[in-house]
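Take a look at the structure set out below.
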Amino acid sequence: MAEGISSFWGPVTSVDWCEKNYVYSSYIAEFFNTISNIPSILLALVGLTNALRQRFEKRFSVLNISNMILAIGSILYHSTLQHMQQQGDETPMVWEMLLYFYILYSPDWHYRSTMPIFLFFYGAAFAVVHALVRFGIGFKVHYAILCLLCIPRMYKYFIYTNDVSAKRLAKFYVGTIFLGSLCWLLDRVLCDEISQWLFNPQGHALWHVFMGFNSYFANTFLMFCRAQQLGWDPKVVHFMGFFPYVKVRKPKTK
């Protein structure tokens, strides 16, 4: 929400959100929308550590790194509210969904080299076009389509998984994306009303937090499913009885 206050970054050139700008610092346009990305970075770091420690396929390390890049891009965007930084947030969103598409569909893809090559060039082409064309609703529709394309395979993995703890991860994934989307929508649609309240619930910041957990639950569930496909005897265990992660027991090689 633009306030017309001079700042270190200059006038707002990107999409503005329902948070007063430059309230706490002249260097941070939207304070809560900026710091709310920190949980995403920490959760992705946990996922990356587990993927490396248990020697999962590189795709999961790349996926968690992608989650971190997306969160960092979002920090740069919301702290500056500049168009170039907005693209640095939106382009990684598309790349991340292409990675999810690859992880979900590649196990059943007969021509293994075609999918990564196609997705790479698709992501590169999108980055170039997005840098030249200022998408609005078109970006949101494109991103929603990519998300919808992943749902059928995610549902297939869910119904073919018998492990109760793994199914719970999938349910947390659905719950967090529902709550996060609701917060995003209310913040966007009811901004004029919310601006009159004594307390702003910071719906967009809550979207960031929910989506950080959403990515972690999705990644952990997919790691479990992939470990099952590889015969690694995966189990969902909990750190300190609360925080879930996947532990595998790979067969000994002769």
Side-chain angles (χ1 to χ4, degrees), residues 13-19 29-30 33-45 47-48 59-105 116 118-151 153-154 173-174 176-185 187-188 203-219 222:
T13 60
S14 69
V15 174
D16 204 352
W17 298 90
C18 197
E19 179 181 355
E30 296 176 335
N33 286 349
T34 298
I35 65 170
S36 57
N37 287 284
I38 295 176
S40 298
I41 297 175
L42 296 177
L43 289 166
L45 184 60
L48 176 62
R59 65 188 68 181
F60 291 104
S61 298
V62 174
L63 179 60
N64 283 288
I65 292 172
S66 172
N67 296 151
M68 284 189 274
I69 292 173
L70 173 56
I72 292 170
S74 184
I75 287 174
L76 294 175
Y77 164 35
H78 288 287
S79 62
T80 64
L81 290 181
Q82 299 298 299
H83 174 60
M84 183 176 295
Q85 279 69 34
Q86 180 181 345
Q87 291 180 320
D89 173 39
E90 292 178 345
T91 299
M93 288 173 67
V94 171
W95 288 347
E96 182 184 64
M97 292 312 303
L98 295 177
L99 276 169
Y100 279 118
F101 188 89
Y102 172 72
I103 290 172
L104 284 164
Y105 285 96
F118 171 77
L119 294 178
F120 172 80
F121 281 107
Y122 185 93
F126 173 82
V128 172
V129 174
H130 195 35
L132 299 174
V133 180
R134 192 161 186 166
F135 291 120
I137 188 64
F139 168 78
K140 297 179 180 63
V141 172
H142 176 242
Y143 183 74
I145 291 173
L146 292 177
C147 293
L148 291 173
L149 288 174
C150 292
I151 290 177
R153 184 50 59 97
M154 200 74 166
Y173 160 78
V174 174
T176 50
I177 197 171
F178 173 78
L179 292 173
S181 299
L182 182 63
C183 291
W184 185 95
L185 186 63
D187 183 82
R188 200 67 186 157
H204 196 77
L206 289 174
W207 151 264
H208 289 157
V209 175
F210 279 123
M211 292 310 294
F213 280 96
N214 175 264
S215 296
Y216 181 81
F217 291 136
N219 297 356
L222 291 176

How about M211 and N214: do any of their side-chain heavy atoms sit closer than 4.5 Å? yes

If we only count heavy atoms from C-beta on, is the Y122 to L98 side-chain gap below 4.5 Å? yes

Find the distance between CG (L104) and CG (L99) and round it off to the nearest 0.5 Å. 11.0 Å

From K140 NZ over to M93 CE, what is the distance, rounded to the nearest 0.5 angstrom? 9.0 Å

Would you say Q85 and S14 make side-chain contact, with heavy atoms under 4.5 Å? no

To the nearest 0.5 Å, tell me how far T176 OG1 sits from F217 CZ. 6.0 Å

According to ring-ring contact (aromatic ring centres under 6.0 Å, His included), who are the partners of Y102, at least two apart in sequence or on a separate chain? none

R188 side chain reached by V15 side chain, heavy atoms, under 4.5 Å: yes

Would you please name every residue forming a side-chain contact (heavy atoms from CB on, under 4.5 Å) with L42, sequence neighbours left out? I38

What residues form a side-chain contact (heavy atoms from CB on, under 4.5 Å) with L132, not counting sequence neighbours? V128

Taking all heavy atoms of M97 and all of Y143, pick out the closest pair and write down the distance. CG-CE1, 3.4 Å

Minimum-distance pair of heavy atoms, taken over all atoms of T91 and A127: CG2-CB, 3.8 Å

Would you call Y100 and E96 a side-chain contact if the rule is heavy atoms closer than 4.5 Å? yes

Check: H83 main-chain N/O paired with T13 side-chain donor or acceptor under 3.5 Å: yes

Residues in ring-ring contact (aromatic ring centres under 6.0 Å, His included) contact with F126, at least two apart in sequence or another chain: H130, H142

Of the non-hydrogen atoms in E30 and W17, which two are nearest, and what is the gap between them? OE2-N, 3.1 Å

I would like to know whether F101 and L119 meet side chain to side chain contact (heavy atoms under 4.5 Å, CB included); could you show each step before the answer? CA-CA 9 Å; F101 188 89; L119 294 178; 4.2 Å; yes

Side chains of H78 and H204, heavy atoms from C-beta outward: is any pair under 4.5 Å? yes

If we ignore angles and hydrogens, is there a donor and acceptor under 3.5 Å between the side chains of N219 and Y173? no

Under the ring-ring contact (aromatic ring centres under 6.0 Å, His included) test, which residues partner F210, sequence neighbours left out? none

Quick check: closest heavy atoms across V174 and I177, and the distance to 0.1 Å? O-CG2, 3.1 Å

Nearest-0.5 Å distance, OH of residue Y77 to OG1 of residue T34: 10.5 Å

State the CG-CD1 distance between N33 and I75, to the nearest 0.5 angstrom. 11.5 Å

Gap separating the CD1 atom of I41 from the CG atom of N64, nearest 0.5 angstrom: 12.5 Å

Give me the atom names and distance for the closest heavy-atom approach of G212 to S40. CA-OG, 3.2 Å

Can you check whether L70 reaches S66 side chain to side chain, under 4.5 Å on heavy atoms? no

Smallest separation among heavy atoms of M154 and L222, with atom names: SD-CD2, 3.9 Å

Is there side-chain contact between L76 and D89, with heavy atoms separated by less than 4.5 Å? no

Residues forming a side-chain contact (heavy atoms from CB on, under 4.5 Å) with L43, sequence neighbours excluded: F213, Y216, F243

